[in-house]
Amino acid sequence: MRFAIIAAGFVVEVLAWRFVAKGRHSLWNLMIPVLAAMGVLAAFVRPPVASGRVSAVAATVVGIAAGLALYAATMAFVAFAVRWEPFRVHVVSGYAKARDMSPSWAFVLSVLIAVPAEEMFWRGLAQPRLQASMPVLSGPALAWVLYVIANAAGGSLVFFAGAAVGGAVWASLAVWTKGILASVLCHAVWTTGMLLRPPSAGAQA
């Protein structure tokens with residue numbers, strides 16, 4: 001049952017990203033509802049665990065610190081990567097589309113809805129379920145690969161890079177804590193930074 005839900009969520013997210021990439025729907029009116037539905041379903045099937053291995057305080061501190069470190073690393077990477085024109089175009093395009101929504105609503109939809117929903121599905125359901133049925137870290141690795149592929153369907157180098165690097169960090173936090181508190185906080189801090197203080201190319205969009 002849970003494998004079927006994971007597979008269905010993956011397929012739905014890929015299709016939703018393809019619709020967004022083709023311009024049939026916007027990130028806001030399609031991806032947010034899809035991710036929210038995936039998160040609610042995941043929470044129903046497997047109630048999320050905040051932190052099963054370390055204390056909630058430790059998970060909170062590490063999650064926030066990891067989010068700040070990931071944001072700093074992302075800013076440094078983007079400052080270098082935008083020298084490659086295709087990547088710069090994707091950064092500018094991505095932030096231009098994000099400005100279709102007011103900053104306050106963008107924050108609510110991204111940080112308060114999409115982030116926890118993604119973490120509940122991918123790190124709260126898919127990752128532990130696959131980890132329980134596969135050897136060593138094969139399960140988390142497969143969950144990460146599926147997460148990256150789903151985001152890559154959007155056709156954006158920015159989303160692909162964010163999913164690949166960020167997804168690896170969030171997956172590692174979930175493996176370490178056996179919960180999603182640290183990964184949610186890290187993801188939320190990183191997303192907040194990217195919205196409020198975007199890279200220079202994004203700010204010019």
Side-chain angles (χ1 to χ4, degrees), residues 8-45 48 50 60 63-64 66-68 70-71 74-75 78 90-126 146-167 169-171 173-174 180-199 201-205:
F10 168 75
V11 171
V12 169
E13 186 169 350
V14 167
L15 292 175
W17 271 120
R18 292 309 302 155
F19 277 120
V20 171
K22 292 179 180 180
R24 296 180 183 177
H25 292 276
S26 75
L27 175 71
W28 305 112
N29 67 21
L30 181 62
M31 286 310 304
I32 301 300
V34 165
L35 292 175
M38 289 169 60
V40 170
L41 180 59
F44 177 77
V45 173
T60 297
I64 293 174
L68 293 172
L70 180 60
Y71 171 69
T74 300
M75 293 293 282
V78 173
H90 279 234
V91 171
V92 172
S93 174
Y95 274 98
K97 292 177 181 178
R99 284 172 172 70
D100 291 341
M101 186 66 61
S102 69
S104 56
W105 271 111
F107 175 84
V108 170
L109 295 175
S110 298
V111 179
L112 301 185
I113 296 179
V115 165
E118 270 199 318
E119 293 306 311
M120 281 191 285
F121 184 85
W122 288 108
R123 264 64 69 176
L125 173 63
L146 292 175
Y147 176 69
V148 173
I149 292 174
N151 281 268
S156 168
L157 291 173
V158 174
F159 283 117
F160 171 75
V165 179
V169 173
W170 305 322
L173 289 171
I180 65 169
L181 177 60
S183 64
V184 167
L185 291 173
C186 177
H187 198 160
V189 168
W190 177 76
T191 302
T192 299
M194 298 305 290
L195 287 173
L196 299 183
R197 293 293 299 272
Q204 296 167 6

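Count residues from 1 along the sequence.
- Note that the CG atom of L30 and the NE2 atom of H25 stand 5.5 Å from one another [nearest 0.5 Å].
- The closest side-chain heavy-atom distance from W105 to V108 is below 4.5 Å.
- In this structure, the side chains of L41 and F121 stay at 4.5 Å or more apart for every pair of heavy atoms.
- With contacts defined as side-chain heavy-atom distances shorter than 4.5 Å, the pair M120/M38 does not qualify.
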(request) Apply side chain to side chain contact (heavy atoms under 4.5 Å, CB included) to the pair W28 and S110, showing each step before the final yes or no. (result) CA-CA 9 Å; W28 305 112; S110 298; 3.4 Å; yes

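- Using a 4.5 Å heavy-atom cutoff, the side chains of V189 and L70 are not in contact.
- Here the closest non-hydrogen pair linking W190 and T74 is NE1-OG1, 3.0 Å.
- Across all their heavy atoms, G154 and A21 have their closest contact at O-CB, 3.3 Å.
- H187 and W170 have parallel rings, their planes meeting at less than 30° on a 0 to 90° scale where 60° marks the start of perpendicular.
- At distances below 3.5 Å, at least one donor-acceptor pair connects side-chain atoms of Y71 with backbone N or O atoms of R197.
- Within the 4.5 Å cutoff, the side chain of F10 has heavy atoms near those of the I149 side chain.
- The closest side-chain heavy-atom distance from T60 to L181 is below 4.5 Å.
- Taking 4.5 Å as the limit, some side-chain heavy atom of P199 sits within range of a side-chain heavy atom of Y95.
- The two residues A163 and V148 come nearest to each other via the heavy atoms O-CG2, 3.8 Å.
- For S183 (side chain) and I180 (main-chain N/O), a donor-acceptor pair under 3.5 Å exists by modelled atom type.
- The distance from the CG atom of L112 to the OG1 atom of T192 is 8.0 Å, given to the nearest 0.5 Å.
- For the residue pair A16 and V34, the shortest heavy atom distance occurs at CB-CG2, 4.0 Å.
- Taking CZ from F159 and CE from M31, the interatomic distance works out to 8.5 Å, rounded to the nearest 0.5 Å.
- For the pair N151 and F160, the minimum side-chain heavy-atom distance is 4.5 Å or more.
- When all heavy atoms of V115 and V184 are compared, the closest pair comes out as CG1-O, 3.8 Å.
- Looking at every heavy atom in both residues, C186 comes nearest to V169 through SG-CG1, 3.9 Å.
- By the salt bridge (charged side-chain N to carboxylate O under 4.0 Å, His left out) test, E119 pairs with R123, sequence neighbours left out.
- Using a distance-only test at 3.5 Å, with no hydrogens or angles considered, a donor-acceptor pair links the side chain of R18 to the main chain of A153.
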